[in-house]
Enquirer: 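My structure is below; once you've seen it, I'll send some questions.
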Amino acid sequence: MTTKRFLLTALILLVAGWSSVYGEDGSQLWLRMEKAETAASVTGVKGTAMSELQTYWQGGPVVLKRQKGLAKDAYTIKSQGTKTVITASNDAGLLYGAYHLLRLQQTGEASNQLDIKEAPYYDLRILNHWDNPNGTVERGFAGHSIFWREEGKVDSEQFAAAMQSYARANASVGINGTVLNNVNAKPEMLATASLQKTKEIADLLRPYGIRVYLSINFASPIKVGGLQTADPLNKEVIAWWKEKVNEIYRMIPDFGGFLVKANSEGEPGPQDFGRTHADGANMLAAALKPHNGIVMWRAFVYAPQSPDRANQAYLEFMPLDGQFADNVIIQIKNGPIDFQPREPYSPLFTAMQKTQMMVEFQLTQEYLGAANHLVYLAPMWQEFFSFVNPGSLRAMAGVANIGDDINWCGHHFAQANWYAFGRAAWNPSLTPKEIAEEWANMTFGYNEQCTMNNEQGTAVANSQFSVLSSQLVKLMLDSREACVNYMMPLGIHHIFAGTHHYGPEPWYAPKGVRADWTPPYYHKADAVGMGFDRTVNGSGNVKQYPEALCKLYNDINTCPENLLTWFHHVPWDHQMKSGRTFWDELCHKYDEGVHQARHFLSVWDSMQPYVDAQRFQEVQRKLRIQARDAEWWRDACLLYFQTFSKRPIPQDVEHPIHNLDEMMQFHIPITMYENPERGFTK
């Protein structure tokens with residue numbers, strides 16, 4: 001079936017209603033709700049919540065009421081005889097309550113005995129879109145930007161329909177903010193013409209409780225304003241930013257604020273003028289303060305010649321702890337390097353005690369197989385929160401995996417990461433299993449308008465939940481660890497191909513490329529062993545962690561084995577807990593990952609009678625790619641590292657089916673990496 005873009009589809013869905021004969025295309029995400037034959041009886045506060053319930057609620061009367069005393073965005077749902085009463089202090093809370101009730105309907109849990117009280121854990125639950133003004137998306141694997149296109153390329157009605165679909169999906173999981181453009185921001189985003197487009201988007205998202213934010217280029221006073229400097233302490237610069245912020249709020253009164261990437265990977269920042277991160281952030285914060293706007297200042301920094309990239313953010317930001325304005329939040333990636341399949345948490349989270357912080361997770365699978373691999377990320381986030389107290393953070397941000405592909409995310413299961421981010425930002429105590437069960441039930445649960453492959457029809461459909469739920473959820477819960485196994489087990493990190501982050505190239509180290517952009521900088525394989533020595537006798541990175549963790553990580557015999565090569569240069573013959581040598585354990589882990597990926601395909605194949613034809617075939621195709629990619633990772637990495645270890649691959653491990661010279665000659669065109677729907681073949 002030819003892939004269509006969802007902009008047109010969204011309009012068709014809204015105007016004509018949903019119908020499916022042979023399958024589903026994923027455009028409805030988890031909101032696969034039948035429209036009620038007659039409008040539901042919903043009384044009380046008029047607005048988006050009432051509209052959603054009137055359209056999709058199929059139960060008894062619902063009353064929407066405002067009630068003082070509830071926290072912002074909080075709500076209650078209570079059964080009162082034949083009626084269900086939703087109360088909240090604001091319209092957003094009523095909308096979240098409405099979607100909660102509809103979720104109960106979708107999952108078969110609605111009843112006349114409801115007594116629910118919910119409040120969001122974080123006030124700010126924000127998606128970061130890395131979308132560019134020309135419509136491309138950095139690390140985007142699901143097509144083009146849903147926000148930005150060349151003039152005349154998008155019909156206004158289609159665009160409005162797409163924005164409504166996007167807003168509904170976000171509101172249904174409690175997301176209340178969106179950064180519309182790339183952190184590698186183009187200065188023209190602050191030009192008046194671009195701000196008019198931002199206003200149009202803000203107006204369309206506002207009914208769903210979503211505020212818009214912009215990433216800004218720190219040199220905008222020079223590139224947009226025509227000034228000679230962007231020094232944050234310069235009076236003309238301060239005045240320019242103040243007027244620019246005032247202009248934005250005249251257009252968008254509820255504008256959220258700025259996201260800033262500064263002095264990182266070539267982006268301009270206050271250090272260019274001899275100033276600190278605090279100087280730059282506080283200058284912007286002062287301009288936003290009268291409007292209740294915030295600055296989200298990213299801590300993703302690293303110097304080209306740093307002996308250990310993992311140390312850099314701590315070294316730059318710890319001396320500034322306590323110096324940031326009260327409307328500045330330091331946005332920190334979950335790990336100290338860059339969204340790796342497994343990292344320890346960034347030590348800034350436990351070190352900074354006087355500064356507001358927010359965690360930045362990545363939904364788009366930049367380092368996790370793009371939109372080809374099924375990798376459910378909630379277990380990764382749960383691992384992070386097992387070390388970092390959610391209460392120490394002000395907010396959660398997620399780098400979005402959304403594009404204009406018809407299924408929004410490029411992979412049907414990648415939708416689960418969007419869903420999981422919203423649910424975790426609302427309540428980080430929800431377990432990955434609980435979230436996966438919700439999503440699987442809503443996304444693959446029986447839909448009367450979906451003709452199933454198996455002609456037994458309703459009988460099969462009624463048994464669908466029991467068949468799908470446990471297997472799908474287990475597959476999802478196992479998927480992240482499987483990905484770690486076949487890509488970078490035992491603490492290995494950043495051994496991706498040099499021009500993209502899809503496949504393995506642990507050998508990549510061309511002349512002229514800065515060392516920390518090459519895999520050998522991280523794996524440091526030699527005749528003795530492999531791994532980055534971050535002990536007190538190495539780079540000292542362990543000293544950035546609390547004393548108990550420092551002691552744990554510093555000792556090779558107590559360091560968790562899943563982080564072993566992250567903190568230690570491990571001898572090939574080091575004995576592991578399994579009784580195997582490190583080399584043998586490495587071989588077994590890679591092989592285990594391959595078998596796990598194959599098992600996922602086998603499980604999915606067994607579900608063919610219970611899944612609509614289109615989504616079954618599309619997911620099956622992706623899982624086949626994933627299984628082949630797992631072999632590619634195993635063969636490339638083991639054959640390469642074997643040139644250092646000089647040890648045989650154990651007999652009980654499936655031996656590589658490729659040769660190293662073949663692996664080293666294989667390259668993926670960057671265009672394929674950016675457009676995974678074309679697939680990867682070897």
Side-chain angles (χ1 to χ4, degrees), residues 1-6 9 20-30 32 140-143 363-366 368-377 401-418 439-440 443-444 450-454 467-468 471-472 474-476 478-480 482-483 486-487 500-503 593-634 657 666 668-669 671-682:
M1 179 176 181
T2 303
T3 300
K4 299 178 181 178
R5 298 300 184 193
F6 84 89
T9 303
S20 175
V21 178
Y22 299 107
E24 298 187 43
D25 57 18
S27 59
Q28 286 187 305
L29 298 162
W30 49 88
R32 298 166 59 249
F141 314 114
L363 284 62
T364 192
Q365 294 170 215
E366 177 181 356
L368 293 156
N372 275 341
H373 293 203
L374 190 166
V375 185
Y376 176 55
L377 297 177
N401 60 351
I402 298 161
D404 69 352
D405 276 4
I406 199 167
N407 69 18
W408 296 84
C409 300
H411 192 309
H412 292 287
F413 276 83
Q415 298 174 359
N417 292 328
W418 181 4
W439 178 83
T443 305
F444 289 101
C450 170
T451 299
M452 304 179 63
N453 293 348
N454 190 304
V467 173
L468 284 180
Q471 294 187 67
L472 274 184
K474 186 178 188 309
L475 187 156
M476 292 169 69
D478 291 344
S479 61
R480 183 272 182 128
C483 182
Y486 64 69
M487 283 188 178
H500 54 77
H501 296 152
Y502 187 82
V594 171
H595 288 283
Q596 287 175 298
R598 291 172 182 166
H599 177 67
F600 295 161
L601 177 59
S602 176
V603 169
W604 185 253
D605 284 347
S606 72
M607 295 181 183
Q608 184 170 7
Y610 314 108
V611 180
D612 58 279
Q614 181 172 343
R615 289 188 298 173
F616 174 79
Q617 292 167 4
E618 290 172 355
V619 171
Q620 183 188 58
R621 175 178 172 274
K622 298 281 188 174
L623 287 171
R624 287 172 175 164
I625 293 172
Q626 184 170 356
R628 293 198 301 269
D629 283 352
E631 293 176 356
W632 174 28
W633 271 93
R634 178 198 62 194
I657 59 176
F666 175 66
I668 294 178
T671 53
M672 291 184 68
Y673 169 66
E674 293 175 342
N675 190 6
E677 69 181 20
R678 300 180 186 177
F680 297 88
T681 57
K682 290 169 279 300

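Keep in mind that this is a model prediction, so the values were computed, not measured. Values reported hereafter were calculated over all heavy atoms of this structure, with side chains retained and with hydrogens, waters and symmetry mates removed. Along the sequence shown, the residues carry numbers beginning at 1.
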Enquirer: Not counting sequence neighbours, which residues clear ring pair (Phe, Tyr, Trp, His ring centres under 6.0 Å) with W633? List them please.
Expert: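 For W633 the ring pair (Phe, Tyr, Trp, His ring centres under 6.0 Å) partners, ignoring immediate neighbours, are F496.
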
Enquirer: Nearest 0.5 Å, what's the CG-CD distance between L623 and E618?
Expert: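 The distance works out to 12.0 Å.
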
Enquirer: Taking all atoms of both residues into account, what is the closest heavy-atom pair of I402 and A142, and its distance?
Expert: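 Scanning both residues, the minimum pair turns out to be C-CB, 4.5 Å.
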
Enquirer: For the side chain to side chain donor-acceptor pair (under 3.5 Å) test, which of R621, H411, R628, K622 pairs with N372?
Expert: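 Of all the options given, the one that passes is K622.
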
Enquirer: Taking all non-hydrogen atoms of both residues, which atom of L363 and which atom of L377 are closest, and how far apart?
Expert: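 L363 and L377 have their closest heavy atoms at O-CD1, 3.8 Å.
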
Enquirer: For W604 and F616, indicate whether the former's side chain and the latter's backbone hold a donor-acceptor pair under 3.5 Å.
Expert: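 Yes, the answer is positive, given that a donor and an acceptor are paired below the 3.5 Å cut-off.
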
Enquirer: Quick one: closest heavy-atom pair of Q365 and A414, and the distance?
Expert: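 Result for this residue pair: OE1-CB, 4.2 Å.
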
Enquirer: Could you tell me which residues satisfy side chain to side chain donor-acceptor pair (under 3.5 Å) with H599, sequence neighbours excluded, listed by chain and number?
Expert: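 Testing H599 for side chain to side chain donor-acceptor pair (under 3.5 Å), a comparison that skips the adjacent residues, returns none.
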
Enquirer: Quick one: list whatever passes ring pair (Phe, Tyr, Trp, His ring centres under 6.0 Å) with Y376, sequence neighbours left out.
Expert: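 Partners of Y376 by the ring pair (Phe, Tyr, Trp, His ring centres under 6.0 Å) criterion come out as none, since no residue qualifies.
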
Enquirer: Once rounded to the nearest 0.5 Å, what's the spacing between atom CD of Q626 and atom CD of Q596?
Expert: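 Answer rounded to 0.5 Å: 10.5 Å.
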
Enquirer: Decide yes or no for E24 and Q614: does some side-chain heavy atom of the first lie under 4.5 Å from some side-chain heavy atom of the second?
Expert: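 Not in contact.
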
Enquirer: Minimum heavy-atom separation for Q415 to G26, with atom names?
Expert: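 Between these two residues, the closest heavy atoms are NE2-O, 3.1 Å.
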
Enquirer: Should N401 and F141 count as side-chain neighbours, where that means a heavy-atom distance under 4.5 Å?
Expert: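 No; the side chains remain at least 4.5 Å from each other.
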
Enquirer: Sorted by first residue and then second, give each salt bridge (Lys or Arg N to Asp or Glu O under 4.0 Å) pair with at least one member in residues 595-610; sequence neighbours left out.
Expert: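 Only R598-E631, R598-E654 qualify under salt bridge (Lys or Arg N to Asp or Glu O under 4.0 Å).
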
Enquirer: CZ of R634 to NE2 of H595: how many Å apart, nearest 0.5 Å?
Expert: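 If I round to the nearest 0.5 Å, the distance is 7.0 Å.
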
Enquirer: Side chain to side chain donor-acceptor pair (under 3.5 Å) with T443: which residues, sequence neighbours excluded?
Expert: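 Testing T443 for side chain to side chain donor-acceptor pair (under 3.5 Å), a comparison that skips the adjacent residues, returns W439.
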
Enquirer: Between D612 (side chain only) and R615 (backbone N and O only), is there a donor and an acceptor less than 3.5 Å apart?
Expert: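 Side chain of D612 to backbone of R615: a pair is present.
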
Enquirer: With rounding to the nearest 0.5 angstrom, report the OG to NZ distance, S479 to K474.
Expert: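 Here the interatomic distance stands at 11.0 Å.
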
Enquirer: Partners of R480 by side chain to side chain donor-acceptor pair (under 3.5 Å), sequence neighbours excluded?
Expert: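 For R480, the residues satisfying side chain to side chain donor-acceptor pair (under 3.5 Å) (neighbours in sequence not counted) are E383.
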
Enquirer: Looking at residues at least two apart in the chain, or sitting in another chain, which of them share a salt bridge (charged side-chain N to carboxylate O under 4.0 Å, His left out) with R624?
Expert: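 With neighbours one apart ignored, the set is empty.
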
Enquirer: Ring centroids only, cut at 6.0 angstrom: are F600 and F413 within range, meaning strictly under it?
Expert: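 No: the rings miss the under 6.0 Å criterion.
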
Enquirer: Could you report the tightest heavy-atom contact between S27 and D25, atom names first, then the distance?
Expert: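 Taking S27 first and D25 second, the nearest heavy atoms are OG-OD1, 2.7 Å.
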
Enquirer: Return the minimal non-hydrogen interatomic distance between A630 and G593, and the atom names on each side.
Expert: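 Looks like CB-O, 4.5 Å.
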
Enquirer: Please tell me if the side chains of Y610 and F444 come closer than 4.5 Å, counting only heavy atoms from C-beta onward.
Expert: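 Not in contact.
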
Enquirer: Run the ring pair (Phe, Tyr, Trp, His ring centres under 6.0 Å) test against H373 and tell me which residues pass, sequence neighbours left out.
Expert: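 Partners of H373 by the ring pair (Phe, Tyr, Trp, His ring centres under 6.0 Å) criterion, ordered by chain and then number, come out as Y486, Y502.
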
Enquirer: Between L374 and H412, is any pair of side-chain heavy atoms under 4.5 Å apart?
Expert: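 When only atoms from C-beta onward are counted, H412 and L374 do not touch, as no gap falls below 4.5 Å.
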
